[in-house]
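All heavy atoms count here, side chains included; hydrogens, waters and symmetry mates do not.
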Amino acid sequence: MTSLPSEDLSRLLATLHQTRSGDDLQELNFLNQVLTSKGMTNLLRVHKKISAIVGKPHSASDTNGTLEYEPEMIVPIVSNVFNISCEVIETLQSFVQRSGSRDSRELILLLQRPAFQSLLLVHDTISQKDYVPKLPEPPFNTVDEDEETIKIVQLVKSNEPLAQTAEPIVGATIKTDERTGKIVIARVMHGGAADRSGLIHPGDEVVEVNGIDVLGKTPNDVLEILQNAEGTITFKLIPSESQRPSRENRVRVRALFDFTAALDRYIPCKEAGLDFRRGDIIHIVSQDDPYWWQARHEGDKQMRAGLIPSRMLQEKRIAYERAHSANNNSDQPEIGCSPARSIGSLKSERSSPTQKVMYALAENEDFDRQEIVTYEEVARLMPYPAVPRPIVLIGPPGVGRNELKRRLIALDPDKFRTTIPYTSRLPKPGEADGVDYHFLDRQQMERDIDDGLFVEFGEYKGNLYGTANRSIKEIIELGYTCILNPHHQALKTLRTAEFKPHVVYIKPPGFNVLRETRSAAYARSTFDENSSRGFTDDELAEMIRSGQRIELHYGHLFDDVIVNGDLSTAFEQLLTVTRKLDTQSQWVPVSWVV
Ligand SMILES: Nc1ncnc2c1ncn2[C@@H]1O[C@H](COP(=O)(O)OP(=O)(O)OP(=O)(O)O)[C@@H](O)[C@H]1O
């Protein structure tokens with residue numbers, strides 16, 4: 001017990017021991033275990049250290065016996081060191097590419113160490129005070145765009161009893177500035193509503209409270225306005241010179257659908273909406289309203305936040321749309337541009353009889369139709385040269401994924417590799433195990449498939465074929481970039497934190513370009529394995545249709561799209577993607593970044 005850093009905790013434990021009795025014994029034991037655990041002890045130590053840095057308690061207690069906190073003693077110079085470190089790494093990486101500097105390479109490795117990056121993240125969390133509850137952002141209609149020096153802050157009135165100062169109401173005191181005669185914020189109580197907002201600071205001049213001009217009023221007059229206010233209180237303030245940067249919500253999401261505010265009949269204010277396209281990275285600034293979040297496009301620091309539908313709202317309306325379209329199969333109300341409508345319409349679409357089925361995967365597109373995609377929370381993943389991310393080429397049959405993969409490996413076999421498939425069929429003359437295929441007996445392969453050891457598999461002419469998870473892992477662990485061109489349905493099993501794939505969609509160009517480029521290159525149809533003829537017009541049209549279906553169902557999972565019209569242009573673009581992955585951080589699902 002002596003090792004516990006807090007006297008309060010010791011007192012609490014002593015009380016617990018006194019109250020140990022009868023029915024509650026199990027809960028008390030559990031509580032005792034939690035409180036005396038090593039994790040809790042460490043947590044308290046960290047808390048104590050942070051408190052010592054961000055706010056020093058006065059030695060004297062106030063009249064209620066609670067400790068007061070002075071404004072922060074140490075103000076962080078910046079609160080985004082993690083992002084800065086990412087930029088530094090990117091700069092160093094391009095420098096290393098040019099100069100081959102060993103020192104810079106070593107510095108990159110040091111900066112990329114998980115422990116160091118965690119330290120930077122903790123620094124940002126503390127300096128942005130992200131560990132305290134968040135309050136609503138200012139409402140749109142009160143933001144005065146022309147007056148950059150004015151800030152609008154909305155606080156929730158506390159339930160504490162009123163006193164002679166504004167403190168118990170919003171956690172801040174006010175006074176008349178002796179020099180200017182204006183009402184200013186005198187003090188911000190640590191942990192109070194004003195402090196938690198991160199938007200009110202000592203020295204800020206109060207211009208209005210709940211729309212009432214306070215010019216010429218005394219602090220008591222202002223207190224009266226506060227006392228009479230209900231619910232939220234809106235302050236119009238002129239920031240003091242020495243204002244600290246405001247705290248920001250750190251959530252970034254990838255939009256998985258298109259949104260156009262002007263087409264949305266339910267948005268509270270169309271002008272306040274933020275349009276986005278599927279794949280855009282969005283910075284969520286406030287999630288306080290359960291239906292309408294406030295957000296910016298990532299990187300648009302200057303732009304005022306706009307309204308976007310919350311995850312819950314979007315899910316609800318897609319579910320509604322689906323139920324409605326299933327019920328009456330009629331036109332839907334125009335509410336945004338969710339993929340659901342088009343997904344529904346696909347149900348009647350017939351899949352082409354000419355489509356080659358090399359991997360006869362059980363079609364489970366119905367499952368995909370049930371999935372409701374809205375937003376995916378993302379974070380930046382730094383390039384990690386020792387563990388390159390696989391590149392997954394997705395596209396309709398015949399579009400050229402094999403050709404692009406083959407060219408990449410031929411260009412740099414020391415960098416790019418692909419997997420060797422497994423099969424249950426017997427080796428043909430001249431075929432060697434582990435070179436052309438890994439040969440496995442059918443029962444073993446079936447067992448492995450059942451055990452989830454294959455990212456994709458299928459049956460062709462009575463034999464099983466598949467790509468094993470371990471084949472991909474081996475290539476990654478050897479430090480090669482694994483190039484894969486699986487069936488698009490394999491994305492579900494491939495797109496995990498374990499593989500962290502970068503998904504590139506190889507898109508067919510328009511029909512005329514498709515026909516011209518393929519016939520000029522004497523391209524061989526992949527629809528008919530028994531002949532080496534070119535593509536028929538029907539096959540080319542099917543390639544385009546099939547591509548559209550894939551985009552519709554899986555488009556939200558694509559990191560890049562390359563149109564494969566002119567082959568050398570497409571290949572150059574693919575090379576650019578591979579260089580980007582080597583040198584720049586990428587947005588990936590947040591669960592991939594540990
Ligand atoms: N941009 C292009 N211009 C001309 N010919 C191309 C182009 N891209 C690919 N081809 C040719 O088209 C044919 C089919 O390409 P490829 O085998 O790479 O398709 P695929 O996407 O791997 O098809 P599948 O998935 O059905 O095996 C090949 O003869 C290839 O050389």
Nearest non-hydrogen partners of [X] and [Y], listed with the distance:
X    : Y    : answer
W292 : I267 : CZ2-CA, 3.4 Å
D124 : F82  : OD2-N, 2.9 Å
H487 : I394 : O-CD1, 4.3 Å

**Item:** K175 atom NZ: more than 12 heavy-atom contacts under 6.0 Å
**Value:**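 It does not: K175 NZ has 12 such atoms or fewer within range.
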
**Y291 atom OH, neighbour heavy-atom count above 12 within 6.0 Å** =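 Counting neighbours around OH of Y291, 12 or fewer heavy atoms of other residues, nucleotides or ligands fall under 6.0 Å, so no.
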
Are the side chain of [X] and the backbone N or O of [Y] linked by a donor-acceptor pair below 3.5 Å?
X    : Y    : answer
R254 : P589 : no
D275 : A261 : yes
N564 : K507 : no
Q112 : P383 : yes
R311 : T374 : no

**Request:** Kindly indicate, with the supporting measurements, whether the criterion side-chain hydrogen bond (donor to acceptor under 3.5 Å, both in side chains) is fulfilled by E90 and S585.
**Result:** CA-CA 7 Å; E90 276 170 23; S585 60; 2.9 Å; yes

**Asked** Charged N to carboxylate O below 4.0 Å: is that the case for R495 and D559?
**Response** no

**Item:** Test: D264 and R317 ion pair at under 4.0 Å
**Value:**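 Yes.
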
**Request:** Check whether any side-chain heavy atom of V153 lies under 4.5 Å from a side-chain heavy atom of D204, and answer yes or no.
**Result:**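 No - every pair of side-chain heavy atoms lies 4.5 Å or more apart.
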
**Request:** Please examine the side chains of L256 and Q314, heavy atoms only from C-beta on, and report whether any two atoms are closer than 4.5 Å.
**Result:**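 No, their side chains stay 4.5 Å or more apart.
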
**Aromatic plane relationship, F257 with F276 - under 30° parallel, 30 to 60° tilted, over 60° perpendicular** = perpendicular

**Message:** Consider side chain to side chain contact (heavy atoms under 4.5 Å, CB included). Of V222, I183, T218, which one does T176 pass it with?
**Reply:**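 The single option meeting the side chain to side chain contact (heavy atoms under 4.5 Å, CB included) with T176 is I183.
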
**Message:** Test of understanding: with side-chain hydrogen bond (donor to acceptor under 3.5 Å, both in side chains), list the residues that count as partners of D566, not counting sequence neighbours.
**Reply:**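 With sequence neighbours excluded, D566 shows a side-chain hydrogen bond (donor to acceptor under 3.5 Å, both in side chains) to S568, T569, given in chain and number order.
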
